[in-house]
Enquirer: 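I have a structure I would like to understand better, so I am pasting it below and will then ask my questions one at a time.
Note that this is a predicted model, so its numbers are computed, not measured.
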Amino acid sequence: MVFLSDLSLALPYRIIIIKQIVELKRNLGVDILKAKLFSIYTLLIIIFIVSVPFPVLAEAPPDLTAKAYILIDMETGQVLAEKNADERRSPASTTKIMTALIALENANPEDEMTASENAINSVPYDYVKAGIKIGETLKFKDLLDLMLITSANEASNIIAENIAKDGTMEGFTQLMNQKAIDLGLTGTYFTNSSGKEEENHYTTARDLATISRAAMQIEAFREVVGRRDFDLPDTNLRKSHEWQAGHLTYTNELLASRSKYYSKVTGIKTGYTEKAGLCLVASAINPEGLELISVILGTENKTLQFEESQKLLEFGFRNYGKRELVPKGKFVDRFEVADAVDGKKLDVITNGSLSYVVPLDGEELKNVLTTRQIFFEPFAAPIAQGQAVGKIEYFYNQKLIGTIELISKEAIEKTTIAILRDKYKEIISDERFIFGVKAAGIAIAVIIILGIIIRFINRKNRRNRYNYYSSRKNNYRFKDYR
């Protein structure tokens, strides 16, 4: 929300209110009492105009002369505005952002680095130099200042040769290109560490934003690119006052800018060659803690280089803000639960919060932000307090930006009848019970069969004994007859 008095877009609202005031004056007439009432009413209307917030209306991205640009959120990398962001272009001295990133991952601030003849003499005559001498030794932290603040090209060469395992600038560019692969860059290839114009040395606005975002995670890098001054050190070849310091000044003039939309500029790096044009990777932060990165490539003069960077940053801060999309513990829905004691219902709440950079305009936000709720139905008691029962997925421009777990607000107990029923079902479905029943059935069957066999044998034995005695009896009778 922005106060209406701060918005030129609010002019229609002012016109409507002024018309109402004029109409009221016409109706009240000119007597003193009515005039006083009119004055009081007018004052109240004025207070209303300057104090009541009106919704911010959607604003189109600025129309810039830069050949390519992009604006992203520092924390998430979310793109807020872009033009030709994937067009391959010469990066000029913005290359040094990648050089610094590689160096800070492989060196300590107090490491001493010595300038080779190649590092000094490979810089073209019309490129910025600090005047470092062949064989001169400086600490890495001082070379970093010279490279990032004044854009001294031999400083980047010295750093590259001292970082590379083989001691060559070619070996360092291999590290740069591997890092580009690791960062997922698709439009970047480096052939040197300084930004010197070479045919196959290129990047894109999108890739530069990604490189800068990675570099700004390193506190030492952030500290250097946010400064406008530095101390020139003593070396093995000179005292600090012997440096030709007149031209060794900061190049990022945006650091001195002021704006009602951001608190301060936090970096980052300028660049210029005839082919690349004037370039600037910049970053700024507002009072709410929202930090944005802008990349401007190919402006025609220094005025546009800084003005268009500021315009792009201010566009982002005017139209976007970091908002909590869902708080922890928010009520989501209520469901019937099978077998719940007293028919208690399930209250579903969120088990986490999600914040994201979104448009301040409510209508635009509705168009870009969608959600999908998934519940683990059907629900049946018992359900423990805090038990996961679903999730909500949040999508920004159809891209998943976060998932929030849904949980039960309270425990739900199971009825006694349901417990007994389920225990019975559990018992009769238990494999051991089934095995026991089968074994008992087999045993009973064996016993029955054995009983039948035994009865059959006993019956047979009884018949045999009967036949035996009958035959003996008949034999006795036959003898007596004779």
Enquirer: Does R227 reach the side chain of I149, with side-chain heavy atoms less than 4.5 Å apart?
Expert: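 In short, these two side chains touch, coming nearer than 4.5 Å.
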
Enquirer: Do T273 and E197 meet the criterion of a side-chain donor-acceptor pair at a distance under 3.5 Å?
Expert: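 Checked: T273/E197 side chains pair up, N/O donor to acceptor below 3.5 Å.
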
Enquirer: Between S116 and N118, does any side-chain donor sit less than 3.5 Å from a side-chain acceptor?
Expert: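 Result is no, nothing qualifies.
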
Enquirer: What pair of heavy atoms forms the shortest contact from L313 to A282, and how long is it?
Expert: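 Here L313 and A282 meet closest at CD1-CB, 4.2 Å.
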
Enquirer: With salt bridge (Lys or Arg N to Asp or Glu O under 4.0 Å) as the criterion, how do K344 and E413 come out once you've worked through the C-alpha distance, each side chain's angles and the decisive distance to 0.1 Å?
Expert: CA-CA 9 Å; K344 188 173 182 179; E413 296 180 358; over 6 Å; no

Enquirer: Only one of T99, V225, T270 passes side chain to side chain contact (heavy atoms under 4.5 Å, CB included) with L148; say which it is.
Expert: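 Of the listed residues T99, V225, T270, the side chain to side chain contact (heavy atoms under 4.5 Å, CB included) partner of L148 is V225.
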
Enquirer: Do the two ring centres, one from Y394 and one from Y356, sit under 6.0 Å apart?
Expert: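 Ring centroids of Y394 and Y356 are no less than 6.0 Å from each other.
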
Enquirer: Quick one: are F221 and M216 in side-chain contact, heavy atoms under 4.5 Å?
Expert: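 Result yes, sub-4.5 Å side-chain heavy-atom pair found.
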
Enquirer: For the residue pair F375 and V332, what are the closest heavy atoms and their distance?
Expert: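 In this case the closest contact between F375 and V332 is CZ-CG1, 4.2 Å.
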
Enquirer: Using a 3.5 Å distance criterion without hydrogens, assess whether the side chain of D339 forms a donor-acceptor pair with backbone atoms of T415.
Expert: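 The answer is no, because no donor-acceptor pair under 3.5 Å joins these two groups.
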
Enquirer: Looking at F306 and T251, what are the two nearest heavy atoms and their distance?
Expert: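 Where F306 meets T251 most closely, the heavy atoms are CZ-O, 3.5 Å.
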
Enquirer: Have E314 and S259 got a donor and an acceptor in their side chains that come within less than 3.5 Å?
Expert: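 The criterion, which ignores hydrogens and geometry beyond distance, is satisfied for S259 and E314.
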
Enquirer: Please find the pair of heavy atoms, one from T299 and one from I296, that lie closest to each other, and give the distance.
Expert: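 Result for this residue pair: CG2-CG2, 3.4 Å.
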
Enquirer: Decide whether E363 and N367 meet the rule of one side-chain donor and one side-chain acceptor closer than 3.5 Å.
Expert: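 Per modelled atom types, E363 and N367 side chains form no pair under 3.5 Å.
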
Enquirer: Given side chains that start at C-beta, do those of L360 and R323 come closer than 4.5 Å, heavy atoms only?
Expert: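 A side-chain contact exists here, since the closest heavy-atom pair is under 4.5 Å.
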
Enquirer: Which donor-acceptor pairs under 3.5 Å do the side chains of residues 136-144 make with protein atoms, sequence neighbours left out?
Expert:
unit_1: E136; atom_1: OE1; unit_2: K133; atom_2: N; d: 2.9
unit_1: E136; atom_1: OE1; unit_2: R238; atom_2: NH2; d: 2.8
unit_1: E136; atom_1: OE2; unit_2: T235; atom_2: OG1; d: 2.6
unit_1: E136; atom_1: OE2; unit_2: R238; atom_2: NE; d: 2.8
unit_1: T137; atom_1: OG1; unit_2: T114; atom_2: OG1; d: 2.8
unit_1: K139; atom_1: NZ; unit_2: E110; atom_2: OE1; d: 2.7
unit_1: K141; atom_1: NZ; unit_2: E110; atom_2: OE2; d: 3.1

Enquirer: Mind running side-chain contact (heavy atoms from CB on, under 4.5 Å) on Q305 and E253 for me, showing each step along the way?
Expert: CA-CA 10 Å; Q305 178 187 26; E253 296 178 12; over 6 Å; no

Enquirer: Quick one: which of K322, R222, R213 gives a salt bridge (Lys or Arg N to Asp or Glu O under 4.0 Å) with E291?
Expert: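 Exactly one pass, corresponding to R222.
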
Enquirer: List the atom of S122, the atom of K196, and the distance in Å for their closest heavy-atom pair.
Expert: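 Shortest heavy-atom separation between S122 and K196 comes out as O-NZ, 3.4 Å.
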
Enquirer: Give the ring-plane orientation class for Y189 versus Y202, where under 30° counts as parallel, over 60° as perpendicular and anything between as tilted.
Expert: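 If you compare the ring of Y189 with that of Y202, the planes turn out tilted.
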
Enquirer: Between L80 and L292, is there a side-chain heavy-atom distance shorter than 4.5 Å?
Expert: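 Heavy-atom side-chain distance check passes, below 4.5 Å.
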
Enquirer: Indicate whether the side chain of S309 and that of S294 have a donor and an acceptor atom separated by less than 3.5 Å.
Expert: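 No, no side-chain donor-acceptor contact under 3.5 Å.
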
Enquirer: Just verifying a value: how many Å separate I392 CD1 and Q373 CD, rounded to the nearest 0.5 Å?
Expert: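 So the CD1 of I392 and the CD of Q373 are separated by 4.5 Å.
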
Enquirer: Between R372 and E393, is a salt bridge (Lys or Arg N to Asp or Glu O under 4.0 Å) present by the stated rule, with each step listed?
Expert: CA-CA 5 Å; R372 179 171 63 185; E393 297 175 334; 2.4 Å; yes

Enquirer: Any non-hydrogen side-chain atom of T210 less than 4.5 Å from a side-chain atom of L185?
Expert: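 Yes. Closest side-chain heavy atoms under 4.5 Å.
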
Enquirer: Is L290 close to F317 at the side-chain level, that is, under 4.5 Å between some pair of heavy atoms?
Expert: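 A side-chain contact exists here, since the closest heavy-atom pair is under 4.5 Å.
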
Enquirer: Are F335 and D347 close enough that some pair of their side-chain heavy atoms sits under 4.5 Å apart?
Expert: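 A side-chain contact is absent here, since even the closest heavy-atom pair is not under 4.5 Å.
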
Enquirer: Do you know which two heavy atoms are closest between A256 and R228, and how far apart they sit?
Expert: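 Smallest interatomic distance, heavy atoms only, reads CB-NH1, 3.3 Å.
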
Enquirer: Please round to the nearest 0.5 Å and tell me the distance separating atom CD1 of I158 and atom CD1 of I134.
Expert: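 If I round to the nearest 0.5 Å, the distance is 10.0 Å.
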
Enquirer: With a 4.5 Å cut-off on side-chain heavy atoms, are V348 and V389 touching?
Expert: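 The answer is yes; the side chains approach within 4.5 Å.
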
